[in-house]
Each structure stands twice: as structure tokens, then as C-alpha cells.
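Read the structure below first, then the notes.
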Amino acid sequence: MEEKQARTNKLRTAEEAIREMVPNPCPVLAVGGMHQQNAPMSLVRELIRQRVRIGRLITSPSASIQADLLIAAGLVEEIVTSYVGFEYLGLAPAFRRAVEAGTLRLVEADAPLLVYGLQAAAAGQPFATLPPGLELSDVHRAAPAFYKWTTDPYTGVPALCVPPLRPTVALIHCQQADEFGNAIFRGSVFTDRLMAMAAERTIVQVENVVRASSLYSMATQVGLPAALVAGVVEQAFGNHPCASHRYYNHDEPHLKDYVQKGGTAEGMAAYLQRYVYEPDSHDEYMLRVRTDTPDSFTSPSL
Amino acid sequence: MEEKQARTNKLRTAEEAIREMVPNPCPVLAVGGMHQQNAPMSLVRELIRQRVRIGRLITSPSASIQADLLIAAGLVEEIVTSYVGFEYLGLAPAFRRAVEAGTLRLVEADAPLLVYGLQAAAAGQPFATLPPGLELSDVHRAAPAFYKWTTDPYTGVPALCVPPLRPTVALIHCQQADEFGNAIFRGSVFTDRLMAMAAERTIVQVENVVRASSLYSMATQVGLPAALVAGVVEQAFGNHPCASHRYYNHDEPHLKDYVQKGGTAEGMAAYLQRYVYEPDSHDEYMLRVRTDTPDSFTSPSL
Amino acid sequence: MNQPLSFFTAPKKEPPFSSNELLAYNLALALRDGEVVLTGANNALPVAACRLAQLLHAPNLSFLGGGGGSVNSLVEPLVFPSCDYSYLAAEAVLPLPELIMLQGRPGFINTFFAGGMQVDQFGNCNLSSIGPDWQQPLLRGPGAASLPFMSRFGRTIIYVSAHTPRIFVPKVDFITGPGFLHGAVDFARAQQVLLADGVEY
Amino acid sequence: MNQPLSFFTAPKKEPPFSSNELLAYNLALALRDGEVVLTGANNALPVAACRLAQLLHAPNLSFLGGGGGSVNSLVEPLVFPSCDYSYLAAEAVLPLPELIMLQGRPGFINTFFAGGMQVDQFGNCNLSSIGPDWQQPLLRGPGAASLPFMSRFGRTIIYVSAHTPRIFVPKVDFITGPGFLHGAVDFARAQQVLLADGVEY
């Protein structure tokens, strides 16, 4: 019988979490967040500072700066995504430049490839099928190593399939967690919970840590149990320039600036320098943000 | 352009809902609830009173009296289930008797057949695959029309599959709904939400109706949008003798009695007579319950 | 009345609505009672149209408001980010995996709003790649998201604000969202293309 | 001390624990720190064992408490229905479809508690059908539930309170939950069978 010991505390700084829990190179990395929402940017910036090379990057059905910045930093070999862009703010500068230049291998995907691929990995299923009709799009023809056909054993007709997507590590954000890794989503869950269920290891970036004992009366709102979480990084405002549902909105002027200045390689290098490499702390990062785009970062209206 | 009109009110009595919304015979009926919890018993009893014949009954991964009573009434031709029983209270008397007598066609299933079959129906997928290893069980060999093999197009090895399960009608329970059909789960969701997403039409039995306007501040807890719900039946204590999470516990003495007396065809007929056919209202039903097993029906401890 | 109306002399008078409001109104007219509408990304105008339709003639219309999973959101004021937290003031919120699952559900999504970097005469939409070879794109777009599901929706309303030959092409370079493919014969399902100015074809 | 101890003359003294408590204690000893344990239905004793193990030597053990989806429930007092609402006083609650999904996740469930109407020498469990022909069962059991996932779990602890030849058979009539099938050679994964009295084999 083992010795009595305390339950493991999973709290880490971003620096510790990336160093201890993400292999370099990382074969398959999933990064959470959808459009401008709930992207774990503190972890993303730390990945870049530690120069973690990513064999394959898997995104949510619609990623923005959390994918674009990793590409800008030259860390991504292949991306499996159904969307990298800034919605009403424009195209993703680094993603666009890298795909057009042929320096990034793109696996053209649609949303169901990502969702059913992650589900299959979480479930241990060998593959998943797509509803008939999706084959009318050219998407599957552009990624024939991922979209494959088999025979429907019930009807004999061909069925289009997607493979399991099993991230080595998933980096996601949620609003709160306790020190053991029980994680609470205070808004949309997007594909973030699913990524954690599919990944071998998950690091959760949160706005604030809560007491474990507070969970017992609200367990149906705890979206991930500790058993699925390897590390918890507490970083208030850590999603900036993206939003954290219920906590703060995205920083629109900052993102506009990114999309515009990132349009050139020099502008992007300057952005990385000023906002990723130079700040030696999140406080220093936020000070630069507040200086460069004052009053642009606000709380949500709800 | 259509004329301006009010939004449709979906509130019905159990009698109206079954009569208007369930075809007789009903090709495929799904009934919700898990073990002794959250079974829509008022709807089940009404099905029996209206003698709705069921071509195929689909249950949650573990059903109890909501399936057994329909079988006892002689209404079920085929059942697709992974469990009908009373857990610590014993075996399901009608299910056992009917299968042993050969009067009920049983499709032997495991939990993933039900879950992935319903998911495939909800998603429009032609079929779903099972994780390797499940084929070591005899279950799939007992239901070869349901469990079939195809080829994994990524590895070339055989993969065991399950077909979509698309209920014509799903009968489920949740704690609350508004009059338009937005439905709120105040405890475990079991496979009840999934049944509603898979079914062509869903009737929800609730403990009480809430105002639509109360939902806007708690929308993440609204488990089914009105678009997935055809009818709402308000019946306080309508799950009896099963529990409604957060509202009341199961009635253990009553269920024990059912399991014991239902062990003979005569006992079962008497049960049906006393608790299903004779009471002309839910109030009359509850009066009989309170008389026959006083003090046995309590609120939950949490 | 005393002064003759003329392009040059008429008093500078704002119309009582903006062109976006006009567009939202026209989109609303295309919506029907009882429909389930998927609004996708960049959805402020479709959301305005859905809300207006609900108030005018379609009280049983349900709209899904972006990847956040809201159903029949009251979002007020309208915001541009389709996944914004303010959308969650809604009747219900579905997790994104289920929202994507339900996009494949037979008959569930009646109407979808789409657009694209290119839209062709058969209603095909391209959000992926411009240029003759998708492996060496001249312009790389954001990607497919849920656009391939267009083949399963009841109908798709394509609205495009910029009416230029660069967008309206005879044939898209890449079919991200399938319309009638190479002609109506290819694709039996009824679809509808509604331009920004309200012209249907 | 003055009186000699004898089976017949010893004062009738209750042992300081019940046999169920002894069983829970022995089950707890079989659990290891850091494990994820699935307790299934009829799970009062496994849940007691998990809670005890957490307090004794396995603070990082997580247990999934029945179809209600609770993780690390504080359920107090212990109740018999595995899906009872009182289980939701927990650290987290997973929807049942996800709980079943995660039962297939490679390496996730380390330990599962099982039983059966029949258990054979190779740890196969039968909850389906007694008799030579499953199509004409002499006794129809409740069914498989999640038992076929036994093949994917790290190990399964089989506990059976009634030690009768009717339950412990050489070969089950129907393999609902696969153990070592027809011998260890068939089934490379390590499994453990723990009897109610604590004997492991």
C-alpha cells in the first residue's frame, strides 16, 4: 500500500507548464478558442518564447490569432484547420502569407472533420463518417490523405470518412479551475472541452483559480474533470487580444492593428518583438497593450 | 409575406400529446430516463391507455419500468436495449418473461450502439464505428443485423459498425420547459437530450412550465431549443415511481412491489389495472400511490 | 415644392434607413415562419434579418447565432463577432460539437446564409483559394468552416455586399460551399440566391 | 481474560465492522493512486471503496459514479441507485454520451468494477442470458450496458457477494463482458479478479 500523500497541485506558471508538459518538437498540438473568443494566448505566447516546434497544429473550426501567431513565428510545419481568419476584421496575415508562399503545409478541412476527428480520438473509434452531401464540396478532394472512402455495410454505398485526430497536447482556455484541474466554462465551450477529451495531455489557462470545495454545488457546470487536465495556468486577462467569455471582450483596435501591420513580414516581426519576445511578464505585456491601444479593452455587455 | 401571428404554444395534456403527436402504430419509439431516474412515466402510462403499438422501442443504456411497463402491456414488438432491469431491486419482470417466452424480439445491444446510433441519426451520418476490443464480447454476434463490419480506409483492418437509430418519436422528461418547448435539465441529462436530437419528433414531460423570458440569463443551462421539441406536457410528479432529479426521489417500496408482484402475469395485469387503466387522472393515480405505499415518496437529499 | 427637385439642388436628405437596414429588411422578407436558420460567421445582418422576421411574420422562426451555439439570441446591440458572449442572452445554447452535428441532421437547417470571396452563376461559394491551382493559391482565403454542409441545408441565401466581377465569377476556382455545382441539373435541391439589393435568381 | 475463549461460551460480540465494510476495505486496497475508476451500476460498494482509497492512499484517484456522470462524488450517505441525484454533489458531471465515449478513450479508464449472473474461470462475465441458446434463454438477464468495454479497460475487478456454483461456472453461457476469453493466451492485457473475501487470483 502506498504512503498517504496530498493530492497533486497542478498549478503552474505559463513558463513552467509549457516547459514541463509540452515536448519540443510537439508532434500534434491542438489550440482552443473560436474566432476572437477564448483563445489561450498566454500559453501561445509562451510556446513562441520557448520556440516549441509543432509538427501538426489542429485548430477549432474557426481560429484567429492563436493559430496565426504560431505560424508567424515559424513554428508550424502543418496545420489542420477549417478556418484561420479574423472574420469581420480581415484575413489572417501570417496564415495567408505562409500558404501562398508554400512554407506551411495546409490540410484543408471542414468543421465536421475537426469535430468528428476529435470525437473519434476521444472515443477510441478507428474513424468517423460524414453525412452524404459533403462530398459535393472540393474540400475533401484537397486533403485526400484525411478524407477517405469506405463502404457503408448497411447499404453498400460509399461513405466519406475522417480519421481520429489525437493531439499530443491541447492548450485551451476556460474561465476557472481548481488547483487539481477541475475546469469550469462560464460561456460557450466551443470545441475546447472536446479537444481536452481527445488529447493525450491538456493544459488549461484560466482567469482565476477557485476552491475545489466550491464545485460540489455546481458540478453540472464543471466541464472538465481533473482526470483530463494535466496543468492549470492562472493568468487574468491572459486571452488578450482575444476575449474571455463573461470576463472581457476582445481588443478590437489591437486585432485590427495586428491584421494590418502583420500584412508585411517586417510588421509581423515587429509585432512579435514588441508583444511576445520583449515582455518579460504578462504585466509588462499588458502595460504595452494599455499604452499602445488605450481604452480598447473592455468588459462584456452581459 | 405571411400574416403576423403569435408564436405557437406547445403545451398539451398527456392525452392530447400522445393522441396528436404519436402515430399508432409508432414505427420507432425512444423512451428516456436511466435506471430509476427521469423516466417520463405519465407519457408512458398514456401510451398504454391509448394502446399505441410500438414497432421498435429504443431505450437509454439502462431502462427500468418505462420499458418494462410497455412490454407488460403487450405493445412492443421489438426492443433495442442494452439493459432493462431494476438494478439493486431485481430483474425486469415483463421484459424477462417476454424474452424467455419468445414474445418480444430483443436486439441485444451495448451502450455504445445506443449512443453512437442516436448520434449518427442526429448527425445524418450513415453509420458509426466502435472502438477495437468491443468485438470480444458476444453482444454483437447476437445482433448481426445491427453490428456489421466494414474496412477502416486508413489501416485496412476491419471495423465494427453500428447503424443510425432514428426514432419516429422520442418521449423524454426534463425538469422545466417554457410553452414554446425550450427545455431545461436540472440534473443529469443521460441520453435524453441525444434522443431528442435524433428523433423526428420529441415530446417533453416536465415538472413545471417556466416563463420564456426567464431563460435569457441562463441559456447555457437550456438543454434543448424549442426547434427540437414538438410538445410539452406539464405533470408534477409525473415520473412516479421513478425520480425526477432535484425534484423527488424514486419510490422504492412501489418499485419493489412492482418487481415482486409483476413476477406473475396475473400480478402484472393487476398492476396495470390499478395504476394505468383505472385512474382517470394523474391525481387519482397519485391518490392510489399515497394510499398503497404511504410515506414512500420523498424529496432528494441534495 | 417651390424649388424643382434636381440631383444638384435637392437638399441633402438622408434616407430614413441605412443600406444595411434595407438589406436586413430584404433578407427578413425571404425568411419564413417555422424555419430553422443558421447564420454562420460574419452574421450581424442575417441575425438582424432573423430578429426582424420573428417580429414581423415568423414568430416560430429559430435562428442559430454563430459558433457560440446560441438559439434565438436577444443580442442587443448587434455586435460583429459572431461568437461574442453577448449572444448567450438567448433561449438556449448548444455546445459547438452538437451545433455541427445538427447541421447534418436531415431536414433540420432550413435556411443558411452564405457568402464568399467568389460566388458563381450556380451559387457555388469559394472561401478557400483563388487561382487555378489550389496548391499554389494566388490568394488564400480563411477556409471552409461549415460551408460544405450547404449541400444538406434546405436552401442557402447568398448575400454579397460588394458587387464586383472579382467576386461574381462564371465559375469558382474552388467549390467550398456547393451550390448547383455545374448547373441545376447537377443538384436537384431547390436553392435560392439573393443578392444584396434584393434581386433573387 | 478469566474465561477461556470458546466458540460456544464467548460473549456474543459484534465485529467492529460489517461484511460490506470489510469488502469495501479490501476493494479499496486494490485501488492505486492516480487511477481513473469506473464504478458502473449497483455501485455502492465500489464507490465506498473509491472514497476510502482517496482518504487512505490514493488522493489522486478519480472515480466515475454511474450513468449520472458524476466524477468524485461526495454522495453522503451512500445510496443504492447508481444514477441518483445525490451523486451530483461532485467535482464534475459529464453527460452520459461523453461518459460512454470516454470509456473507449485509450488508457483513460484504469479500473472497472464488474459482476455478473455468471462469472467464469477466465474472468468473463455474463449479464445477458443463461442457457445453452441465447435465443431461447432459460433466464434472461438485464443486458450488457457498458460491459463489453471491459476489453479496453486497464483492469477489471470482479466482485461477487454470493459464492455459488450457479454464479462461478467453468464457462459463461454468453460473454457479455470479455475477461481472458478462453484463457490468458487469448487476452494479453493484465486483468485482476478479486473475490468478495479478498482473495485475488
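Letters go in sequence order (proteins before strands), and every chain restarts at 1. Not measured: the values here are computed from a predicted model.
Summarising the geometry of C:L94 relative to B:P225, their closest heavy-atom pair is CD2-CD, 4.1 Å, with the distance given to 0.1 Å. For B:A227 against C:V36, the heavy-atom pair with the smallest separation is CB-CG2, 3.8 Å. Nearest heavy atom pair, residue C:N60 against residue B:A6, reads ND2-O, 4.3 Å. Closest non-hydrogen pair, B:A121 versus C:P106, comes out as O-CD, 3.9 Å. Annotation for C:R152 and B:G124: closest pair NH2-CA, 3.7 Å, computed over non-hydrogen atoms. C:N72 and B:Y216 make their closest contact through O-CE2, 3.8 Å (heavy atoms, listed as atom of the first residue, atom of the second, distance).
Using a 4.5 Å cut-off between heavy atoms, B:E200 touches chain C through its backbone atoms (N, CA, C, O) alone. In this structure, the portion of C:E98 lying under 4.5 Å from any heavy atom of chain B is its side chain and not its backbone. The contact between B:A198 and chain C is made entirely by backbone atoms, counting heavy-atom distances below 4.5 Å.
Side-chain contact between C:D33 and B:Q5: present, with at least one pair of heavy atoms (C-beta onward) separated by less than 4.5 Å.
The environment of CZ in B:R53 is sparse: at most 12 heavy-atom neighbours from other residues, nucleotides or ligands sit within 6.0 Å. Open room surrounds CD on C:Q136; 12 or fewer heavy atoms of other groups in view lie less than 6.0 Å from it.
Distance check: C:S62 OG to B:N182 CG gives 7.5 Å after rounding to the nearest 0.5 Å. With rounding to the nearest 0.5 Å, the separation of CG in C:L88 from OG in B:S217 is 12.0 Å.
Ranking B:L228, B:I184, B:D178, B:L224 against chain C, the residue ahead of the rest is B:L228, based on heavy-atom pairs under 4.5 Å. Interface check for chain B: of the options C:L61, C:L74, C:L64, the most heavy-atom pairs under 4.5 Å are formed by C:L74.
Taking a cutoff of 4.0 Å between a charged side-chain nitrogen and a carboxylate oxygen, C:E91 and B:R7 qualify as a salt bridge.
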